[in-house]
Amino acid sequence: MSARSTDDRPVSDRVLDEAIAWQVLLDSGDASDEHRACLIRWLEADADHARAWRQLGLLDHGLHDLPRDAAAPLRETLITPHRRGGTRAAAGLLSLALLVAVAAGVLDRHHPLAGLLADHRSGTGEQRSVVLPDGTIVVLNTRSAIDLAFDADRRAIVLRQGEIHVRSAPASEAELRPLMVLTPQGSLRALGTRFIVRHEADLTTLTVTESAVMARPTACDPAPAQACPAERRVSAGHGVWLRADAVGEPTPVRPDADAWIDGMLVVENATLGEVVAELARHRAAPLTIAADAASLRVTGTVPLADTERALTALTHALPVRLVKRGGVWLHVERER
């Protein structure tokens with residue numbers, strides 16, 4: 001039996017988490033020149049760091065934006081498996097910014113940092129039900145966060161990030177305050193209903209599964225008494241998008257749009273790239289897909305609680321394979 005290559009020997013969980021955190025930072029588009037300089041020092045500080053980078057398949061990842069004179073020696077360090085690009089003593093040169101970035105990246109994978117101070121939040125792959133003071137039930141999907149703003153004039157749910165399902169409590173004659181969901185793109189007023197709201201970047205989407213919801217962009221006053229020409233009534237079985245200055249035309253939605261409440265993802269003629277992106281929201285470790293596999297079409301139902309099992313099932317239905325990198329990173333690619 002041949003001896004196992006030193007470069008194939010598993011790295012520690014700590015080093016692997018740090019490498020993954022660096023990958024997340026680079027892929028976020030928020031990495032600055034200072035961050036990249038810190039990455040270089042981290043890779044050169046210990047041979048295990050460079051080895052983890054190679055094992056994750058990131059040989060050239062993050063180097064294309066570096067000046068040629070800075071990237072060349074680093075590439076040489078990564079290409080040579082048994083060479084130390086620096087010494088362990090160099091680890092002492094790592095800045096506090098590097099340590100914070102790595103720790104924050106690892107933490108954010110499990111518990112989104114943007115929602116740490118929210119009234120209610122859910123971690124990666126977690127769903128939580130919250131009963132509000134008026135009896136309304138809110139289910140938070142993965143990586144979601146809400147604040148509550150109940151006062152004398154309104155009952156407001158502020159969606160800070162992620163996705164929620166709202167089942168409003170039966171209205172009483174004494175309750176005159178409207179139930180609303182607020183996002184940076186607008187306000188959604190329930191009319192005794194069940195609906196889903198999802199907020200990502202500069203877009204909010206609304207899906208109504210029962211009764212109706214009044215949708216207004218941020219450009220309008222959220223108070224119902226104030227007229228708003230851009231306001232739209234969205235009835236059951238329809239959905240709209242909201243941006244800060246407009247609300248889209250209501251369009252039909254699938255009746256199983258709320259299947260995620262039961263831990264399932266139901267898709268019909270969706271691209272594999274869309275399915276993988278949705279599963280990635282429920283997974284703490286990285287999940288990526290090759291460009292030539294992303295356009296494949298998928299119809300079916302997959303579980304959200306076990307993303308690896310869901311992806312394995314997809315490999316039986318499509319000409320793709322699942323590659324595991326570094327023990328945790330899953331990559332979907334076309335069969336060759």
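This is a predicted model, so every value here is computed, not measured.
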**Q** Cluster question for you: counting only ILVMFWY and a side-chain heavy-atom cut-off of under 4.5 Å, with indirect links fine, are V130 and V166 together?
**A** yes
**Q** Verify side-chain contact (heavy atoms from CB on, under 4.5 Å) between W241 and L206, making sure each step is shown before the conclusion.
**A** CA-CA 6 Å; W241 54 259; L206 164 69; over 6 Å; no
**Q** Does either side chain, that of Q226 or that of D221, offer a donor lying less than 3.5 Å from an acceptor on the other one?
**A** no
**Q** Has the side chain of H49 got a donor or acceptor atom that lies under 3.5 Å from a matching backbone atom of A47?
**A** no
**Q** Group every Ile, Leu, Val, Met, Phe, Trp and Tyr by side-chain heavy-atom contacts under 4.5 Å, then state whether V139 and M180 land in the same group.
**A** no
**Q** I need the L159 CG to I146 CD1 distance, nearest 0.5 Å.
**A** 8.0 Å
**Q** Kindly compute the distance separating OG1 (T183) from CG (L188), expressed to the nearest 0.5 Å.
**A** 6.5 Å
**Q** Once rounded to the nearest 0.5 Å, what's the spacing between atom CD1 of I289 and atom CG of L311?
**A** 9.0 Å
**Q** How about H199 and Q185: does a side-chain donor come under 3.5 Å of a side-chain acceptor?
**A** yes
**Q** Taking T299 for its side chain and E268 for its backbone only, find out whether a donor-acceptor pair lies under 3.5 Å.
**A** no
**Q** Might you point out which heavy atoms bring L242 and A215 nearest each other, and give the distance in Å?
**A** CD2-CB, 4.3 Å
**Q** Given V323 and W329, is the side-chain contact (heavy atoms from CB on, under 4.5 Å) satisfied, shown in steps?
**A** CA-CA 8 Å; V323 180; W329 187 331; over 6 Å; no
**Q** Would you mind checking if R160 and D147 are paired as a salt bridge, meaning a charged N to carboxylate O distance below 4.0 Å?
**A** yes
**Q** Answer yes or no: is there an ion pair linking R254 with D256, defined by an N-O contact shorter than 4.0 Å?
**A** yes
**Q** Checking R194 against T209: is there a side-chain donor and acceptor pair closer than 3.5 Å?
**A** no
**Q** Taking it one step at a time, do T124 and R143 satisfy side-chain hydrogen bond (donor to acceptor under 3.5 Å, both in side chains)?
**A** CA-CA 5 Å; T124 301; R143 301 178 64 82; 2.8 Å; yes
**Q** Can you check whether A310's main-chain N or O pairs, donor with acceptor, with T312's side chain at less than 3.5 Å?
**A** no
**Q** Mind running side-chain contact (heavy atoms from CB on, under 4.5 Å) on L318 and V298 for me, showing each step along the way?
**A** CA-CA 8 Å; L318 298 169; V298 182; 3.6 Å; yes
**Q** So which atom in R121 and which in L140 form the shortest heavy-atom distance, rounded to 0.1 Å?
**A** CA-CD2, 3.7 Å
**Q** When rounded to the nearest 0.5 angstrom, what is the spacing between CG in L43 and CG in D48?
**A** 12.0 Å
**Q** Can a donor-acceptor pair be found, under 3.5 Å and without considering hydrogens, that links the side chain of N141 to the backbone of E163?
**A** no
**Q** Look at the aromatic rings of W260 and H165 and report parallel, tilted or perpendicular, splitting at 30° and 60°.
**A** perpendicular
**Q** Pairing donors with acceptors under 3.5 angstrom, does anything connect the side chains of H282 and T307?
**A** no
**Q** Are the charged groups of R198 and E278 less than 4.0 angstrom apart, N to O?
**A** yes
**Q** Locate the shortest heavy-atom distance separating S235 from V208; write the atom from each residue and the value.
**A** O-CB, 3.7 Å
**Q** Out of curiosity, R189 CZ to R155 CZ, how far, rounded to the nearest 0.5 Å?
**A** 11.5 Å
**Q** Among L203, T204, T218, which residue satisfies the side chain to side chain contact (heavy atoms under 4.5 Å, CB included) criterion with R243?
**A** L203
**Q** Do L182 and V213 sit in the same hydrophobic cluster, where Ile, Leu, Val, Met, Phe, Trp and Tyr count as joined when their side-chain heavy atoms come under 4.5 Å apart?
**A** no
**Q** Taking everything shown except R167 itself, do over 12 heavy atoms lie less than 6.0 Å from its CZ?
**A** no
**Q** How close do P303 and R309 get, heavy atom to heavy atom, and via which atoms?
**A** CG-NH2, 3.5 Å
**Q** Membership question, hydrophobic clusters at under 4.5 Å side-chain separation (ILVMFWY): are I196 and V240 in the same one?
**A** no
**Q** Would a hydrophobic clustering, with Ile, Leu, Val, Met, Phe, Trp and Tyr connected at side-chain separations under 4.5 Å, put V302 with V320?
**A** yes
**Q** Look at the side chain of T142 and the backbone N and O of G125, then say whether any donor-acceptor pair between them is shorter than 3.5 Å.
**A** yes
**Q** When you compare the side chains of S187 and R216, does any donor N or O come within less than 3.5 Å of an acceptor on the partner?
**A** no
**Q** Can you tell me if S144 uses its side chain to pair, donor with acceptor, with the backbone of S122 under 3.5 Å?
**A** no
**Q** If you compare all heavy atoms of A246 against all heavy atoms of P217, which two are closest, and at what distance to 0.1 Å?
**A** N-CB, 3.5 Å
**Q** Between K324 and E308, does any side-chain N to carboxylate O distance fall below 4.0 Å?
**A** yes
**Q** How close do A118 and A145 get, counting heavy atoms only, and between which atoms?
**A** CB-CB, 3.7 Å
**Q** Tell me if a side-chain donor or acceptor on D134 pairs with a main-chain N or O of T136 at a distance below 3.5 Å.
**A** yes
**Q** Taking the basic N atoms (NZ, or NE/NH1/NH2) and the acidic carboxylate oxygens, is any pair closer than 4.0 Å for R336 and D292?
**A** yes
**Q** Could you check L132 against I137 for side-chain contact (heavy atoms from CB on, under 4.5 Å), going step by step and ending with a plain yes or no?
**A** CA-CA 6 Å; L132 305 189; I137 299 175; over 6 Å; no
